[in-house]
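For reference, the structure is listed below as structure tokens.
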Amino acid sequence: MKKKIAILFGGQSTEHEVSRVSASSVLRNINRDKFEVRAIGITKDGKWFEYKGEIDNIEKGSWESDDNNKINNGQNILFNKEVEAVFPVLHGLYGEDGTIQGLCKLLEIPFVGPGVLSSALCMDKVYTKYVLENFGVKQADYVVVHRDKYKKNKEKLLDVIENKLNYDLFIKPSNSGSSVGITKAHNREELEMGLEKALKYDRKILVEKSINAREVEVAVLGNESPLAAVPGEIVPAKEFYDYEAKYENEASKLLIPANLTKEEQEYIKNLAVNIYKMLDCEGLSRVDFLIDKDTNEVYLNEINTIPGFTKISMYPKLWESSGKCYKELIDELIELAINRENR
Ligand SMILES: Nc1ncnc2c1ncn2[C@@H]1O[C@H](COP(=O)(O)OP(=O)(O)O)[C@@H](O)[C@H]1O
Ligand SMILES: [Mg+2]
């Protein structure tokens, strides 16, 4: 008997397009001998449709106008429990932030990836800081800016930031992804511009000390006994790994394994698994670090609970180089989702 699976794609976040590419890759590679797959697309304005057309149309985005293959029963598939597990291949808000996870949980349908609390926590960069600080995990120094306070007394807040942190600074909407709304500031003027920009995306902003760093990412997989694959390194084509460098600039490179000694690799893998457990992650997450080029100190940057998932994305690539191919990885993620529900 084949297992009935729903693959969710698109979604309402700024990472809608990225999700379509990740999901197309999953749809092309999932083991069809084992799984009966239904693709469910969520439009940017939150409408759910089952899509029965070509996977290429999902990748390109033309599925939305393909009325012959688009069925208005997307949510029913979940509500009527027509599937045995859900793989939300959705990035960002309303996908990676605990909301879809909560829906699946209410409906008692197993789903791939961390649960409600963990998803919400990892999506929110400010709260990730607060929690990991309590566990003593090293992170870049920061100041949190709330929209209402900023609007009331802009100059004073800029002073507070400048007193606490030296330039350069990173300004991030707390709930961001794919670098959307993130800027780097080298002076007060850029700080102010960066805050204005970030406030368009969120009412809670993280201002963070910039670290002259290498970026190392660790893929973690599992429920009770998670394991880490060999660490990878990102070499952005630009000053930092912004949206363009991530998805459009061919000169950005993934280095697998990361340029680290065996001992350093083991250290960072261990740290990644520990952080995964601290944040109550299950299923999968990619734990991203910044390693100071001058001091070699390791800082946690962020945790992605549904990381980029095309066949050539970092997360699957890291597992591939640790001996687990893309198809097997998808199998295992669905198994982990079902096992968790059976506990
Ligand atoms: N404190 C920092 N120091 C140096 N570079 C940073 C820092 N924070 C972010 N960056 C750069 O900005 C990119 C995006 O930031 P990140 O926190 O990973 O947000 P996102 O969730 O959008 O990926 C990182 O990949 C890195 O290149
Ligand atoms: Mg990132």
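Ligands are counted one by one from 1 in listed order, and the atoms in each one are counted from 1 as well.
Judged by distance alone, the side chains of Asp288 and Asn304 do bring a donor and an acceptor atom under 3.5 Å apart. With 3.5 Å as the limit, one finds no donor-acceptor pair spanning the side chains of Glu189 and Asn187.
Among all protein heavy atoms, the one lying closest to atom 1 (N) of ligand 1 is Glu208 OE1, 2.7 Å. Protein heavy atom nearest atom 22 (O) of ligand 1, with residue, atom name and distance: Ser179 N, 2.5 Å. Distance from atom 27 (O) of ligand 1 to its nearest protein heavy atom, with residue and atom name: Glu215 OE2, 2.4 Å. Atom 21 (O) of ligand 1 has as its closest protein heavy atom Lys125 NZ, 2.6 Å. Protein heavy atom closest to atom 17 (O) of ligand 1, with residue, atom name and distance, is Lys172 NZ, 2.7 Å.
An N or O contact shorter than 3.5 Å is missing between Asn304 and ligand 1 by distance. Not a single N or O atom of Pro236, backbone or side chain, sits closer than 3.5 Å to an N or O atom of ligand 1.
Side-chain atoms of Glu64 and Thr43, non-hydrogen and from C-beta on, do get closer than 4.5 Å to each other. Under the 4.5 Å side-chain criterion, counting only non-hydrogen atoms from C-beta, Ser119 is not in contact with Glu96.
Here Asn212 has no heavy atoms under 4.0 Å from ligand 1, in either its backbone or its side chain. Only the side chain of Asn301 comes within 4.0 Å of ligand 1, counting heavy atoms alone; its backbone N, CA, C and O stay farther away. At a heavy-atom cutoff of 4.0 Å, ligand 1 is contacted by both the backbone and the side chain of Tyr241. Of the heavy atoms in Asp288, none comes closer than 4.0 Å to ligand 1. Residue-level proximity to ligand 1 for Lys184 is absent, since no heavy atom of it falls below 4.0 angstrom.
Of the possible donor and acceptor atoms, one in the side chain of Gln101 sits under 3.5 Å from a partner among the backbone N and O of Gly98.
By the 6.0 Å and 45° rule, Lys70 stacks over the aromatic ring of Phe49. At least one test fails for Lys138 against the ring of Phe289: distance under 6.0 Å to the centre or angle within 45° of the axis.
Look at Ser176 and you'll find a heavy atom under 4.0 Å from some atom of ligand 1.
Taken together through direct or relayed side-chain contacts under 4.5 Å among Ile, Leu, Val, Met, Phe, Trp and Tyr, Ile268 and Val273 form part of one hydrophobic cluster.
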